[in-house]
Peer 1: 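Quick one: the structure is below, questions incoming.
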Amino acid sequence: MDIGALLTSAGINIAICVVLLSLYSILRKQPSNVSVYFMRRLISEPIKHSDPFRFERLVPSASWIVRAWQATNEEILAAGGVDALVFLRIVVFSIRVFIIAAMICVFLLLPVNYYGQEMQHKQIHSESLEVFTIGNVKEGSKWFWTHCLALYVISCSACVLLHFEYKNITKMRLAHITGSPVNPSHFTVLVRSIPCSQNHSYSKSVEDFFSTYYPASYVSHQMVYRAGRVDKLMKDAEKMYRMLKTIESTTKKSYMPCCLCGKSTHSFEALNNDAESVEIKTSSDELQPSQREKKLKISEQKDVEKIYRKLKTIETQNKMSSTPGCLCGGIMHYFKMLKKEAESVECKTSSDRSQPSQTDKERPAAFVFFRTRYAAIVAAQVLQSSNPMLWVTQLAPEPNDVYWSNLSIPYKQVWLRKIATLLGAFVFMFVFLAPVTFVQGLTQLDQLRQTFPFLKGILKQKFMNQLVTGYLPSVILMLFMYAVPPTMMLFSTIEGNVSHSERKKSAGIKVLYFTIWNVFFVNVLSGSIIRQLSVFSSFRDIPTQLAKAVPTQATFFTTYVLTSGWASLSCEVIQLFPLLCNGFRRFILRRQEEPCSNHALTFPHHTEIPRLLLFGLLGFTCSIMAPLILPFLLVYFFLAFLVYRNQILNVYVPKYESGGQFWPVVHNTTIFSLVLTQVIALGVFGIKRSPVASGFTIPLIFLTLLFNEYCRQRFSPVFKRSPAQVLIEMDKQDENWGRAEEIYKLLRTAYCQFPLLSLDLSTSQELSMAGNSGQNKDEGSSKDQESHNPDLNEIKLSS
């Protein structure tokens, strides 16, 4: 590949970035796209939709870049939590270390590589990219000391910055533990593999066990129940509530007859207990809706009837079988739709219990609550039984972080599931060799002409030659890579992780290993699958093989940074899939209401962190081999800094907090990248017959590994266990402030497997009553009150 092919790829990607970023700056100003580009602010802030059409909406602007740049760490922390701030620290670390690498490699190593051999150079745009790599330096050259010096500077700078970031993130994590509000997960232990008893239920077993062995610290527990028909019922009830809420808001705006009773009303008439269907009554003195609105309301009526019949069916079955209640284990007598109060669905329970049915409903897992944080951490870390497969304990995840469906998996199956998913991931990794081998075939024109003779005429054209070799391979590989994160997320779900954060972290690690193997190693050792496997037949040959292959594949990695880096950030900021879904909902389904918080997106750590670390690996390994990649890599990291800050501030909604739990993975991957770079450099110095450079590289490898061990001993334990000193001080502080009763009350309602909508419904009912009373007031006074309300914030889309 020559400079012209690289510039062709760069020009195409720059054009894509400019078009998408300009389009984003226009789309974000449209009021109909508020739920796409301002979902986090839509949920957290009251929004007043009073933005008339202005010509400025159709003009691209860079105001979002300025706002993202000026945002402080406090604003990032308030918007996205510790995880978002730690993620941005990865980007900042990459910018700092590669600025140092670019300065020394571009201004020192690039001229050395270019003039490494006595040869007749062509014009710059016609030069092959290989003349800018270390492969162009002749054997035994005295200038290899510059490469060794650059390797030392880059390695030492990376280690110093890693230590600085590890230290600060550790302090940040401890500050998050001590400074955040009372977290129920600090007092809660998840118990799995509860032994089965013929005499009493799982709940009784848990109560007896912890009352006996933890009598001073045990408070209560919450059982995990089998999710099935009741879970589906709750989702249907939530769907019905949202639908009714939508109909109510539509009726208020248009003063149309209510779709349930035909009257002009601001509240919903309840369904009678003996009603089997809902009839639509029309009144001659009311305004007639359009044909489209009639069809929409008839469809909504049918949905209401369907859900109501489900409620009646389960009510009848529960009356006949006396099935235990899903929430607390009591007998659930019936579901009653209260007249005039249809927004709350109550599950009534009785004091009598049916032990066989209770045991059938319960699962061998429970959340056990303790009086202090220290007692919970002790109970979570010690072995509870002489049989390690019984009474397995761990600290519970946050209530919003619990992945309830996996709690029903028997604990004895977890290790089998992990082995099965590991084998599945390996199989998928090797199956992916086929597309990667095909992609590498496109970069080699001689093999391409031999395999496809009919392409000889097309490849003679200069532009098509540059397009096929410089742009097309990285695009095809990027398209194939889009299938990797969903597959790895599926594997992590099957694995049996009990929290969303663990599932996402596990998927991220799998994606990271997959991308490093397929994007780096397989592309470097390209060829037939047999050759790729035979390369590793001898461990001693690995440095030599990598030293020969990496400089030649550096050009492909440069185009991959352009395609998968620059273009992917443009696609990230424009949010193509949510934008299409929003357009379909508004202009096809004709639904103008804003989506609820359940539709909000969380930050995709499992895809973005592996991408950052992969580009870091490419930057380290190619820094002294092919320094030309560093300017393109720096542009990517600067653009990522702006894009991710904008997305954290406006789009992504944090639903749980892990406290930067993924930073040790980032640290270990960076150390791996440094050691791999040093090993490749050692192989290159050996091939190029530079014993001095090789001799100085060997101690650098051991020093890097020694630094990693120091960080593992100094900082890593804080990310695995919470320090007892901090927890005990927090317990004493709660005791001095008299917050014990408040904490116990919080624990009773924190972990609810089937949360009813009663709280949300009652809140909306109060707001509805307040709104109805407010409508009787003078319109001018309400506007004055609105204008003087300091808590009412408006999102200005035109800016």
Side-chain angles (χ1 to χ4, degrees), residues 83 185 188-194 224-228 231 363-367 380-381 387-432 481-518 601-611 613-614 655-666 668-669 672 716 719-721 751 753:
D83 288 339
S185 63
T188 310
V189 172
L190 175 61
V191 183
R192 306 180 71 184
S193 190
I194 302 171
V224 175
Y225 296 92
R226 181 187 292 114
D231 189 23
R363 305 305 300 162
F367 293 95
Q381 294 180 2
N387 184 355
M389 297 297 289
L390 296 178
W391 297 105
V392 180
T393 56
Q394 68 179 80
L395 274 180
E398 293 184 2
N400 293 331
D401 193 17
V402 178
Y403 195 71
W404 291 98
S405 58
N406 278 359
L407 289 178
S408 299
I409 299 175
Y411 182 77
K412 295 180 180 179
Q413 294 182 7
V414 173
W415 68 278
L416 291 174
R417 285 171 173 263
K418 290 184 177 180
I419 294 177
T421 53
L422 183 62
L423 293 176
F426 272 114
V427 171
F428 182 63
M429 188 179 297
F430 280 97
V431 167
F432 210 80
M481 291 297 293
Y482 275 120
V484 176
T487 305
M488 295 307 176
M489 183 63 79
L490 176 62
F491 285 152
S492 298
T493 303
I494 299 174
E495 207 172 45
N497 295 298
V498 297
S499 67
H500 293 280
S501 58
E502 288 182 3
R503 185 173 66 117
K504 191 170 285 190
K505 179 182 177 182
S506 176
I509 293 175
K510 292 182 178 65
V511 173
L512 176 63
Y513 291 162
F514 186 93
T515 53
I516 289 178
W517 165 254
N518 281 285
L601 300 175
T602 58
F603 195 89
H605 292 98
H606 65 292
T607 61
E608 304 310 313
I609 292 179
R611 182 180 284 116
L613 295 179
L614 173 65
K655 297 183 179 180
Y656 48 83
E657 184 68 73
S658 69
Q661 193 70 35
F662 50 81
W663 175 258
V665 178
V666 176
N668 294 334
T669 306
F672 169 78
S716 182
F719 290 83
K720 297 178 180 179
R721 297 180 298 271
Y751 291 89
Q753 186 173 0

Peer 1: Under the 3.5 angstrom rule, does the side chain of Lys510 hit a backbone N or O of Thr487 as a donor-acceptor pair?
Peer 2: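 No, because the side chain of Lys510 does not come within donor-acceptor range (under 3.5 Å) of the backbone of Thr487.
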Peer 1: A side-chain contact here means heavy atoms from C-beta on lying under 4.5 Å apart; do Leu407 and Val402 qualify?
Peer 2: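 Yes, their side chains come closer than 4.5 Å.
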Peer 1: Begin from the C-alpha positions of Val665 and Phe719 and carry the test side-chain contact (heavy atoms from CB on, under 4.5 Å) through to its verdict.
Peer 2: CA-CA 11 Å; Val665 178; Phe719 290 83; over 6 Å; no
Peer 1: Minimum heavy-atom separation for Glu657 and Glu398, please, with both atom names.
Peer 2: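 Smallest interatomic distance, heavy atoms only, reads O-OE2, 3.1 Å.
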Peer 1: Do Trp517 and Phe430 come within less than 4.5 Å of each other through their side chains, counting heavy atoms only?
Peer 2: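 Trp517 reaches Phe430 side chain to side chain.
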Peer 1: Go through the steps to decide whether Phe367 and Leu190 satisfy the test side-chain contact (heavy atoms from CB on, under 4.5 Å), and finish with yes or no.
Peer 2: CA-CA 5 Å; Phe367 293 95; Leu190 175 61; 3.9 Å; yes
Peer 1: Any non-hydrogen side-chain atom of Ile194 less than 4.5 Å from a side-chain atom of Trp391?
Peer 2: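 In contact.
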Peer 1: OG1/Thr602 to CG/Asn400 distance, rounded to the nearest 0.5 angstrom?
Peer 2: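 One gets 12.0 Å once the value is rounded to the nearest 0.5 Å.
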Peer 1: Nearest heavy-atom pair of Pro610 and Gly508: which atoms, and what distance?
Peer 2: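 Looking at all heavy atoms of both residues, the shortest contact is CG-O, 3.4 Å.
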Peer 1: Test side-chain contact (heavy atoms from CB on, under 4.5 Å) on Phe491 and Leu422; report intermediate values, then the result.
Peer 2: CA-CA 8 Å; Phe491 285 152; Leu422 183 62; over 6 Å; no
Peer 1: Going by the side-chain hydrogen bond (donor to acceptor under 3.5 Å, both in side chains) test, name the single residue among Asn406, Asp401, Thr493, Asn497 that passes it with Arg503.
Peer 2: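 By the side-chain hydrogen bond (donor to acceptor under 3.5 Å, both in side chains) criterion, Arg503 pairs with just one of Asn406, Asp401, Thr493, Asn497: Thr493.
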Peer 1: Measure the OG1-CG distance between Thr515 and Leu512 for me, rounded to the nearest 0.5 Å.
Peer 2: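 Output value for this atom pair is 5.0 Å.
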Peer 1: More than 12 heavy atoms of other residues, nucleotides or ligands under 6.0 Å from CZ of Phe428: yes or no?
Peer 2: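 Counting other residues, nucleotides and ligands, CZ of Phe428 exceeds 12 neighbours.
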Peer 1: Between atom CG of Leu601 and atom NZ of Lys655, what is the distance when rounded to the nearest 0.5 Å?
Peer 2: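 Going from CG on Leu601 over to NZ on Lys655, the span is 8.0 Å.
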Peer 1: Under the criterion side-chain contact (heavy atoms from CB on, under 4.5 Å), I'd like the reasoning laid out for Tyr513 against Phe426: C-alpha separation, chi angles, the key distance, then a yes or no.
Peer 2: CA-CA 10 Å; Tyr513 291 162; Phe426 272 114; over 6 Å; no
Peer 1: Between Arg363 and Arg192 (side chain of the first, backbone of the second, donor and acceptor by atom type, cut-off under 3.5 Å), is there such a pair?
Peer 2: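 Side chain of Arg363 to backbone of Arg192: no pair is present.
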Peer 1: Identify the two heavy atoms, one from Ser408 and one from Arg226, that lie closest to each other, and give their separation to 0.1 Å.
Peer 2: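 What the structure gives for the nearest pair is OG-CA, 4.5 Å.
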Peer 1: Is it true that Glu502 and Lys505 make a salt bridge, defined as a side-chain N closer than 4.0 Å to a carboxylate O?
Peer 2: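 Between Lys505 and Glu502 there is no salt bridge, as every charged N stays at least 4.0 Å from the carboxylate O atoms.
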Peer 1: List the atom of Phe603, the atom of Lys504, and the distance in Å for their closest heavy-atom pair.
Peer 2: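 Reported closest heavy-atom pair: O-NZ, 3.2 Å.
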Peer 1: With a 4.5 Å cut-off on side-chain heavy atoms, are Val666 and Leu613 touching?
Peer 2: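 Touching, per the 4.5 Å side-chain cut-off.
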Peer 1: When rounded to the nearest 0.5 angstrom, what distance separates CD in Gln413 from NZ in Lys418?
Peer 2: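 Here the interatomic distance stands at 13.5 Å.
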Peer 1: Rounded to the nearest 0.5 Å, what's the gap from CD on Gln381 to CZ on Arg721? Could you check?
Peer 2: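 One gets 6.0 Å once the value is rounded to the nearest 0.5 Å.
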Peer 1: A side-chain contact here means heavy atoms from C-beta on lying under 4.5 Å apart; do Asp83 and Phe662 qualify?
Peer 2: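 A side-chain contact exists here, since the closest heavy-atom pair is under 4.5 Å.
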Peer 1: To check you understand the geometry: which heavy-atom pair defines the closest contact between Ser185 and Pro397, and what is its length?
Peer 2: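 Scanning both residues completely, I find the closest heavy atoms to be CB-O, 3.6 Å.
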Peer 1: Donor-acceptor pair, Glu495 side chain versus Arg417 backbone, under 3.5 Å?
Peer 2: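 No, because the side chain of Glu495 does not come within donor-acceptor range (under 3.5 Å) of the backbone of Arg417.
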Peer 1: Quick one: CD1 on Ile516 to CG on Leu614, what's the gap to the nearest 0.5 Å?
Peer 2: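 If I round to the nearest 0.5 Å, the distance is 6.5 Å.
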Peer 1: Look at the rings of Tyr656 and His500 and say which category their plane angle falls in: under 30° parallel, 30 to 60° tilted, over 60° perpendicular.
Peer 2: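 Ring orientation, 0 to 90° scale: parallel.
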